[in-house]
Amino acid sequence: MAHPDRMPIPRSFLAGGLAATLAIGGGGAIAHELLSSPSTADAGAKTTASARPISADLNARQVYDASKNAVTYIVADTPEGQATGSGFVVSKDGLIVTNDHVVDGASQVQVKVGTSDTAQDATVVGADPSRDLALLKVDGTNLPTLSLGDSSSVGVGDPTYAIGNPFGLDHTLTTGIVSALQRSLQAPDGATIDGAIQTDAALNPGNSGGPLLDADGQVIGVNSQIQTGSSSGAEGGNVGIGFAIPANTVKSFIDQAKAGKLAPQPQEQQPQQEDPQVVPFSF
């Protein structure tokens with residue numbers, strides 16, 4: 001029998017307003033919040049870790065002040081409407097990590113970096129639905145960045161800090177602890193994401209793609225899913241159980257994306273019909 005920590009558990013994805021949900025096994029939901037109508041990598045070794053003394057770490061305000069200017073607000077124009085999410089800058093020249101489900105199928109992606117009110121166009125340069133990660137690129141030369149920590153050294157009880165844009169409330173900080181380790185998540189394409197970090201830091205729709213930080217201000221995971229507490233398939237808010245894709249998985253993804261191995265697939269185009277009255281398919 002599989003260890004319960006390794007069993008996939010249905011979750012809700014945390015993209016950002018109307019909720020379009022897709023039920024998955026066990027009554028969970030993949031939730032994608034919409035603001036308007038259309039207009040397999042290694043997760044790191046299992047390591048027994050001891051919690052660091054909190055007195056030696058930064059406090060919540062220090063973590064926030066040191067990190068806020070590298071956290072991003074993402075708006076993606078999808079066929080269903082505008083989806084919002086979070087992300088964070090990982091290179092001074094403008095590479096940004098977020099969840100794939102935040103930008104999947106988007107015709108345009110815009111990003112606000114840090115506390116700036118200026119939105120700029122972003123290009124998706126890497127995408128991996130099986131790990132629910134995407135790498136964006138914006139123009140930049142000396143942008144503030146966040147560092148990826150070693151997720152294999154994280155221990156239950158360690159403090160956590162999440163910065164993101166829940167329900168469009170930009171640059172919201174929530175705090176908690178690492179509640180459990182080595183959880184298994186289901187990616188949008190049905191693949192299993194191993195080694196996820198469970199936290200009780202409040203995560204809600206709009207936090208997707210944002211950083212889960214440790215007490216040193218390093219990214220230990222990408223906030224991606226929540227347990228909704230609903231068996232009806234409807235979208236729910238925070239119930240104290242959130243999940244982050246581990247930083248070691250993110251590192252592997254970034255390396256592959258930068259090497260050009262995860263270029264996003266072009267969106268399928270409906271073929272042009274010579275006679276507009278002839279419609280080969282019904283919808």
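Below, all heavy atoms of this structure are taken into account, side chains as well, without hydrogens, waters or symmetry copies. Computed from a predicted model, the values in this text were never measured in an experiment.
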Where is the tightest heavy-atom contact between [X] and [Y], given as atom of each residue plus distance?
X	Y	result
Ser130	Ile193	O-CG1, 3.5 Å
Asn165	Thr72	ND2-O, 3.2 Å
Lys68	Thr115	CD-CG2, 4.4 Å
Ser224	Asn99	OG-ND2, 2.9 Å
Val219	Pro211	CG2-CB, 3.9 Å
Tyr161	Leu58	OH-O, 3.7 Å

Item to complete: Could you tell me whether Lys92 atom NZ has more than 12 heavy atoms of other residues or ligands within 6.0 Å of it?
Response: yes
Fill in: Within 6.0 angstrom of Lys258 NZ, more than 12 heavy atoms from elsewhere
no
Hey, what do you get for [atom1] ([X]) to [atom2] ([Y]), rounding to the nearest 0.5 Å?
X	Y	atom1	atom2	answer
Leu212	Ile245	CG	CD1	11.5 Å
Phe243	Asn223	CZ	CG	11.5 Å
Thr199	Ile226	OG1	CD1	12.5 Å
Thr172	Leu203	OG1	CG	11.5 Å
Asn207	Ser86	CG	OG	5.5 Å
Thr160	Asp158	OG1	CG	9.0 Å

Worksheet item: Between the side chains of Gln225 and Arg183, is a donor N or O closer than 3.5 angstrom to an acceptor N or O?
Response: no
Discussion item. Please say yes or no: joined through hydrophobic side-chain contacts below 4.5 Å, possibly via intermediate residues, are Leu133 and Val125 part of one cluster?
Written reply: yes
Worksheet item: Would Val154 end up clustered with Val156 when hydrophobic side chains under 4.5 Å apart are linked, directly or stepwise?
Response: yes
Do [X] side-chain atoms and [Y] backbone N/O form a donor-acceptor pair below 3.5 Å?
X	Y	value
Asp200	Gly240	no
Asp216	Gln218	no
Gln256	Phe253	no
Lys251	Gly149	yes
Asp132	His101	yes
Lys137	Asp93	yes

With the side chain counted from C-beta on, respond yes when [X] and [Y] share a heavy-atom pair under 4.5 Å apart, and no when they do not.
X	Y	result
Val97	Leu135	yes
Phe88	Leu148	yes
Asn248	Asp150	yes
Pro129	Asp104	no
His171	Val71	yes
Val90	Thr145	no
Asn204	Thr174	no

Worksheet item: Of Asp121, Thr118, Val138, Asp77, which meets side-chain contact (heavy atoms from CB on, under 4.5 Å) against Gln110?
Response: Asp121
Fill in: Ser67 vs Leu146, side-chain contact (heavy atoms from CB on, under 4.5 Å): CA-CA, chis, key distance, verdict
CA-CA 7 Å; Ser67 306; Leu146 293 180; 3.7 Å; yes
